[in-house]
Amino acid sequence: MNSHAASLSPAATESALRTAGLDPARLPRHVGIIMDGNGRWATGRGWERVRGHRLGAEAVRTVTTIAAQLGIVRLTLYAFSSENWSRPQREIDVLMHLLRDFLRNEEATLHANHIRLEAIGQLDRLPTPVLKELNRVRSATADHTRMVLSLAISYGGRDELVDACRRIASRAKAGELDPTAIDASTVQDHLYAPAGGDLDLVIRTAGELRLSNFMPWQSVYAEYVASPALWPDFGEADFVTCLREYQRRERRFGGL
Ligand code: FPP
């Protein structure tokens, strides 16, 4: 990730948007990306799948920087799903190493670009070195306000809702909340990142049209855009194309 701190002023952001042909008034606040196609990218070249993940980590750097430059408020990346724990142990190990290396190597850039790191998922399942690094970078960047980079790691949408139900039920049992008063905002308050809010745009790469357990609660009114690019190839031009597609959509939220 290159440091572009100087180019993150509001005027520079607006000019970057206009150059990209985007309307600053209609930018999605919260963008989620289902990063797909690392394996295909590598096997299509006769290489091991893990090589695709390594290049995928590079694409994370690029897209995070561009999202901050364009003024996205929150970017959630689906880095490792609950279901990914069933992959071969070697692939899991490589992904965990990549995550730890990303956290170590990119901390300076997060600071330079005023990006706060957050994470959602069943983080207690992560290997200790990854969790330690994650917690260290989360607290080191806690005061940044330009953009939140939220990594969904060991994340599953159903797990998130089940975990929320458990916490709500135990608070009700303890007499801390009235079961008849439970509403959508109670559930929202018990999600992994209550302040994260709804997703405006969900991008999935590699041309796939599935949700794969990614943030079902937060995406009820999200616009979905599929990019044909495999994740390691996904760059600035592809991201801007997805944002342009989003800006062509008419969002009605169930109204007329
Ligand atoms: C999907 O591709 C991608 C993943 C399961 C992992 C995503 C991880 C990264 C982009 C790298 C590490 C992340 C960070 C944040 C540094 P796939 O393996 O399912 O691809 P395929 O469908 O072509 O097999």
Side-chain angles (χ1 to χ4, degrees), residues 1-2 31-68 72 74-110 113 115-123 125-127 129-138 141 147-157 193 202-215 226-235 238-239:
M1 218 189 288
N2 296 319
V31 177
I33 307 185
I34 304 172
M35 306 181 287
D36 199 5
N38 291 350
R40 270 164 283 174
W41 184 91
T43 52
R45 289 166 169 76
W47 296 335
E48 272 195 289
R49 292 174 52 77
V50 294
R51 203 154 157 188
H53 294 315
R54 285 203 187 94
L55 267 292
E58 302 287 326
V60 169
R61 289 184 189 100
T62 308
V63 172
T64 301
T65 309
I66 288 153
I72 302 294
R74 190 177 189 93
L75 177 69
T76 300
L77 300 180
Y78 205 4
F80 193 89
S81 72
S82 312
E83 291 73 25
N84 289 155
W85 288 117
S86 67
R87 290 198 177 193
Q89 191 58 45
R90 180 171 134 66
E91 185 165 337
I92 295 173
D93 291 345
V94 168
L95 283 165
M96 291 299 140
H97 271 103
L98 282 172
L99 271 169
R100 199 193 56 191
D101 289 351
F102 176 84
L103 294 164
R104 277 193 188 150
N105 300 337
E106 303 311 324
E107 184 190 345
T109 315
L110 296 177
N113 291 283
I115 297 171
R116 180 164 84 243
L117 183 83
E118 290 185 3
I120 55 171
Q122 293 183 334
L123 305 179
R125 296 182 72 185
L126 294 175
V130 178
L131 188 56
K132 268 174 106 171
E133 203 60 28
L134 183 63
N135 286 336
R136 192 185 63 70
V137 179
R138 279 201 291 186
T141 60
M147 185 180 89
V148 173
L149 170 63
S150 173
L151 297 180
I153 317 174
S154 185
Y155 174 87
V202 175
I203 297 168
R204 182 163 187 151
T205 59
E208 302 289 351
L209 302 173
R210 280 188 302 282
L211 306 182
S212 299
N213 208 5
F214 181 65
M215 303 183 87
S227 168
L230 302 177
W231 177 251
D233 289 330
F234 189 86
D238 302 288
F239 189 55

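First listed ligand is number 1; within each ligand, the first listed atom is number 1. Just the heavy atoms: all of them, side chains too, but no hydrogens, waters or symmetry mates, feed the values below. Please read these numbers as outputs of a predicted model, since none were measured by experiment.
Taking any N or O of Arg40, backbone or side chain, at least one lies under 3.5 Å from an N or O belonging to ligand 1. Of the polar atoms of Gly39, at least one N or O is found under 3.5 Å from an N or O of ligand 1, judged by distance alone. On a distance-only criterion, Tyr78 and ligand 1 share no N/O pair closer than 3.5 Å.
The two residues Asn38 and Gly56 have their closest heavy-atom pair at OD1-CA, 4.0 Å. Taking all atoms of both residues into account, the shortest heavy-atom contact from Tyr78 to Glu83 is OH-OE1, 4.2 Å. In this structure, Met96 and Trp85 approach most closely via the heavy-atom pair CE-CH2, 3.8 Å.
At distances below 3.5 Å, at least one donor-acceptor pair connects side-chain atoms of Asn84 with backbone N or O atoms of Ser81. At distances below 3.5 Å, not a single donor-acceptor pair connects side-chain atoms of Ser212 with backbone N or O atoms of Phe214. Listed for the Arg204 side chain is no donor-acceptor partner under 3.5 Å among the backbone atoms of Asp36. In this structure a side-chain-to-backbone donor-acceptor pair under 3.5 Å is present from Ser154 to Gln122. Proximity of a side-chain donor or acceptor of Ser150 to a complementary backbone N or O of Leu75 within less than 3.5 Å is not detected. When atom types are taken as modelled, the side chain of Thr141 and the backbone of Leu117 share a donor-acceptor pair closer than 3.5 angstrom.
Not a single heavy atom of Arg54 sits closer than 4.0 Å to an atom of ligand 1. Using a 4.0 Å heavy-atom cutoff, Gly37 is listed among the residues neighbouring ligand 1. At least one heavy atom of Asp36 lies less than 4.0 angstrom from ligand 1. For Glu208, the heavy-atom gap to ligand 1 stays at 4.0 angstrom or more.
When non-hydrogen atoms are compared, ligand 1 lies under 4.0 Å from neither the backbone nor the side chain of Arg61. Contact annotation: for Trp231 versus ligand 1, heavy atoms closer than 4.0 Å belong to the side chain alone. Contact annotation: for Asn84 versus ligand 1, heavy atoms closer than 4.0 Å belong to the side chain alone.
Counting only non-hydrogen atoms, the option in Leu99, Leu55, Leu77, Ile33 that gets closest to atom 15 (C) of ligand 1 is Leu99. The residue among Ser81, Ala79, Gly56 with a heavy atom at the shortest distance from atom 8 (C) of ligand 1 is Ala79.
For the side chain to side chain contact (heavy atoms under 4.5 Å, CB included) with Ile33, the qualifying choice from Val63, Thr76, Val60, Val202 is Val63, the only one to do so.
Residue Phe102 has at least one heavy-atom neighbour below 4.0 Å for each of these atoms of ligand 1: 16 (C). Residue contact check: Arg49 has heavy atoms under 4.0 Å from atoms 17 (P), 18 (O), 24 (O) of ligand 1.
Looking from atom 9 (C) of ligand 1 to the surrounding protein, the closest heavy atom is Asn38 ND2, 3.7 Å. Remark: minimum distance from atom 19 (O) of ligand 1 to any protein heavy atom is reached at Arg87 NH2, 2.8 Å. Nearest to atom 11 (C) of ligand 1 among the protein's heavy atoms is His53 O, 3.7 Å. Scanning the protein heavy atoms around atom 3 (C) of ligand 1, the nearest turns out to be Met35 O, 3.1 Å.
Shown here is Arg136, whose CZ atom has more than 12 heavy atoms of other residues, nucleotides or ligands within 6.0 Å.
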